[in-house]
Structure formats: C-alpha cells, structure tokens
Protein chains: 4
Amino acid sequence: MIMKLDFASSVPIYQQIRDQIVQAVADGDYLDGDRLPTIRALAGEAGINTMTVNKAYQLLKQEGYIITDRRNGAIVQCSGGRKKAVEKKVNKELELLAAEAKIAGISQEEFLEFCRKAYSG
Amino acid sequence: MIMKLDFASSVPIYQQIRDQIVQAVADGDYLDGDRLPTIRALAGEAGINTMTVNKAYQLLKQEGYIITDRRNGAIVQCSGGRKKAVEKKVNKELELLAAEAKIAGISQEEFLEFCRKAYSG
Amino acid sequence: MIMKLDFASSVPIYQQIRDQIVQAVADGDYLDGDRLPTIRALAGEAGINTMTVNKAYQLLKQEGYIITDRRNGAIVQCSGGRKKAVEKKVNKELELLAAEAKIAGISQEEFLEFCRKAYSG
Amino acid sequence: MIMKLDFASSVPIYQQIRDQIVQAVADGDYLDGDRLPTIRALAGEAGINTMTVNKAYQLLKQEGYIITDRRNGAIVQCSGGRKKAVEKKVNKELELLAAEAKIAGISQEEFLEFCRKAYSG
DNA sequence: GTGGTCTAGACCACC
DNA sequence: GTGGTCTAGACCACA
C-alpha cells in the first residue's frame, strides 16, 4: 500500500487516505475480505500519526467500505448496498464537474470519453 | 441571482457561492460579458458578510471565470482558454467518483448515463 | 444454543454472548437449574476463543445469572434477588432511550407500546 | 451546562457528553436553534481536552442532533426526521432491558411504570 | 473567536 | 498485536 500524500493540499490527510483506499478497492487492488494495513503500519510508512489514519479508517467504516474488528484489523467489504446514496452524491458532483468542463470548452463527446476512461480505469 | 447556502455544510460558504456561479454560467444564465451582482448586493440578500462574497469573486477571478473592474463590477468571461487545466482537474475528480460508483454497484452504462445528463442538464 | 455474533460491531464479543444468554433466559429457553453449554462447546461452534466465552460466563456469574461448578459446568440461576440493582440500571438506560425517542418524534403512546411488546415479546 | 463525567466508567467520555446533551435536548433545556457551549468552553469547565468534546459534537452532528457552522458554533436541530431509525434502535435495546427486568422479577406493570416515568421525565 | 485538523506519545480493552 | 480512546498543545481555515 503506497500512499501519496500531499501535505500542502487543503484536502485533509485523512481524506486523502480515504480516497486512495476507495480507489484501490475500486481498482481491485483490494478484494472483498482483504485486510487493510494496520493503522500503525500505514501511519509508520506514511510518516503520519496513528490518529490521522484512525480517522480515515473510521470514515471508511462509517461509509460501509470496511469493517474493523479487534482481532483482524480492518477488512474490506464490498457490500454494494448503498447504491442509492452514492448515486445521489455522484450525480450532484457530476453536475458541477460537467458545468466547469462545458465552460472550459470541453465538448460533450470529450467529457463522456473522460467519464468512460475514468470508469474503465 | 438566488443563492442556496447551506451553513451546516463543511463546504465553505465562499466555495458554495463560487460553485453556484459556475453552474449559472454553464447553464447560460450568465453570458459572456454579463455583469454579476455587486458584492454588497449578493452579501445583503444572502445575509452574509461582504468578505465572504469577495473571496468567492476573487476565486472566480483567479480561475478566469470573471474579470473585475473597479467601475463596472464583476464581468463574466467565458474565455474557454484554460481547457488543459480544467481537463486535468475534471479527470482527477472523475476517477474518484467513478471508483465510488463502481463499488456501489453502478454499472458503466448507468454511470455514463449520469454523465450525459449532467452535461446536457 | 445458536449464537449470532457480529464481529464488526463495537460491542465486545463477550458482551454479545452475555446479552444473548440473558435474552434466552428471559425468553424461557433456559429455566432455573438448566445447564449452559460448556465453554469449549460454545467457543467451538462459534469459532471463537475459549477465553472470550470464559469472560462472558464470568460476567454472568458475577451478575448472578449463573453459578459455575467445576463438575457440572454453568447452571442457570433465576434467583431474582438483585431486583434493586437491576431496577436502577434499567431506569438509567430507559431515560436515555426515552429521550432519544422523544426527540425523534415518537409519542408516549408509541413508546409505551414498544415497551409492552419488548416485555411480552 | 453542567456535565457529570465518570472518568472511571468504561463508557467513553465523548459518549457520556453526547448522552447528556441528548438528554438535555429531550428535557427541553435546549430548544431548536439554541447554541451549545463552544467546544473550548465545555472542555475547559469539564477539565478535558477539546478533542474529546469535538468528537462528541461530531457524533451529535452525524446523528443529526446538531449542526455546526464556523460562524455560530454548534446549534441544536430537532429535525425529528430520523424516526424510523430511532425506532429500530430503541426497540432493540428495549428488548434486552425488558429481558433483564423480567429475570430480576420486575413485573410488566412495574416495567411499564418505569417506562412511563422515563418518558414523562 | 469558532470549529477543523494534526502531532507525539500514551494507556486501555479486546482477542 | 489490534483498534479505541485520551491528552496537551498547536496551527489553520473560516466568518
């Protein structure tokens, strides 16, 4: 698990961690049931505090991406149950992105091509 | 210009203002050369501080969406010149969105349909 | 004795075991004098460590729900002697539950109906 | 706002804070729109860390009891919208409580009387 | 002045 | 050894 953290970014560290783990799960780097690195391990290799990683894991837990248990650490769970909620969020953010793309002169064809690539990975 | 502000949101007010103006421009509510409301007017009707609106306008100016002029206020400028920069940003955010959609069980067809609607919107 | 354990829960496993045994006793699945499964048996079929079950049994013993005997295992004991202590605990927890229910818009009639069902159930 | 914290308890401090605020809201000590004490103020008078209070506030925010905004601090919000979710939680906890009460020899009449008192406050 | 974030270091409950 | 909790102190973004 290689984390690329941008300490200068306004995006909180814990959010960056959360995002990258979500990416990794979507990319198939982590499968359902796989163990995530321990909080201490991840904090150690990233050179950050365990509390920060802990917050990221709690976010993921709360969002349903992982389950944590004291025996096995954090385990990936691709339940796929929260479809409706994610749909809503995705649509809302897509609207703003599409608006910015439109103004910048990106055609619908180009935009949809970007979307296709993003999904296909 | 009706602003819908969510003071409970973690998204800063100035960001919300910026986003809605970008939306309005993309939707054609503002055309190239149109004048945005004055900072004071917008702050007044939204019940917020002029400093907050000012920050939103500075963001928009910095992003190239508007130009400001001490005499004429803020003027929309759909230059469309920053295509490369916007492309980069859009692609980056699309990746995360697509990842979350994929995990939630949203198919590529569904996702692309959302994208299409967001652009046509 | 079928145990439903949620390893993802923040509630400790031993607590979950303890709760379910208390439920079973209250439901009449275990009568005064009945033998509980041995620690080894329960641990085996639940796929957990005997230490964990042991802790649950010690909790139950300490609370007076069972007595343990090296020869006969754990025996249910509905002494009913700790009424005062239980009353205190029940009242304290009811207060918080009632508060949450009230805020959520659950009427007193509804709440009492829930209570009635919980007791009869 | 007088907080009674039990540092010896296994219940986390932030949970105790959360519970007492929920109680206060249900009791009408805080009405919809009222401001909660600032994180610093509450931490100071309770002699605990701001992070701990912060966690309690985030819990309350996440549960929908308050909204926080950088301008006004934390504001109580009795939306009452989450009825179904609260119903489920209340029923689950009532079951265990009723079971313990039953075993302790508390009659249904007594139990319901406790429930009534808890709701009436 | 408000909440939000992060650190470095610590102790605890659980398994 | 795992996650969960807490501290004391700090800095930042926001309004």
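These values consider heavy atoms only, across backbone and side chains, with no hydrogens, waters or symmetry-generated copies. First the proteins, then the strands, lettered A, B, ... as listed; each starts at 1.
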Length of the CD1-C1' vector between I39(D) and dT2(E), whole Å = 8 Å
Is any side-chain nitrogen or oxygen of N54(A) closer than 4.0 Å to OP1 or OP2 of dG3(F)?
-> no
Answer yes or no for R35(C) and Y30(C): cation-pi contact, defined as NZ/CZ to six-membered ring centre under 6.0 Å and angle to ring axis within 45°.
-> no
Salt bridge present between E63(C) and R18(C) (N-O < 4.0 angstrom) | yes
For the pair made of CG in L42(C) and C1' in dC15(E), what is the distance, rounded to whole Å?
-> 16 Å
Take nucleotides 8-15 of chain F nucleotide by nucleotide from the 5' end and write B, S or -, depending on whether a protein heavy atom sits under 4.0 Å from the base, only from the sugar-phosphate, or from neither.
-> BB----SS
Checking L59(B), I48(B), L60(B) against I17(B) for side-chain contact (heavy atoms from CB on, under 4.5 Å), the one that qualifies is I48(B)
CG of D69(A) to CD1 of I75(A), rounded to nearest 0.5 Å, is 6.0 Å
Per-residue pairing states of DNA chain E in dot-bracket (Watson-Crick or G-U under 3.5 Å; . unpaired, | other strand) read ||||||||||||||.
Using atom CG of L59(D) as one end and atom P of dG3(E) as the other, report the distance to the nearest whole Å.
-> 16 Å
Integer-rounded Å distance: dG3(F) P and I75(A) CD1 | 10 Å
How far apart are the closest heavy atoms of D6(A) and I13(A), and which atoms are they?
-> O-CD1, 4.4 Å
Roughly how many Å is it from CD in Q16(A) to P in dG4(E), rounded to a whole number?
-> 19 Å
Sorted by position of nearest nucleotide on DNA chain F, 5' first, the leading residue of F7(D) and P37(A) is P37(A)
Is it true that a side-chain atom of Q20(D) and a backbone atom of K4(D) form a donor plus acceptor pair closer than 3.5 Å?
-> yes
To the nearest angstrom, the CD1-P distance between I17(A) and dT5(E) comes to 13 Å
Under 3.5 Å: donor-acceptor pair, side chain of N91(A), backbone of E87(A) = yes
Say whether Q15(B) and D19(B), considering side chains only, have a donor N or O and an acceptor N or O under 3.5 Å apart.
-> yes
Whole Å only: how far is the CG atom of L5(D) from the P atom of dT5(F)?
-> 16 Å
Where Y57(A) and I39(A) come nearest, the two heavy atoms and their spacing = CD2-CG1, 3.9 Å
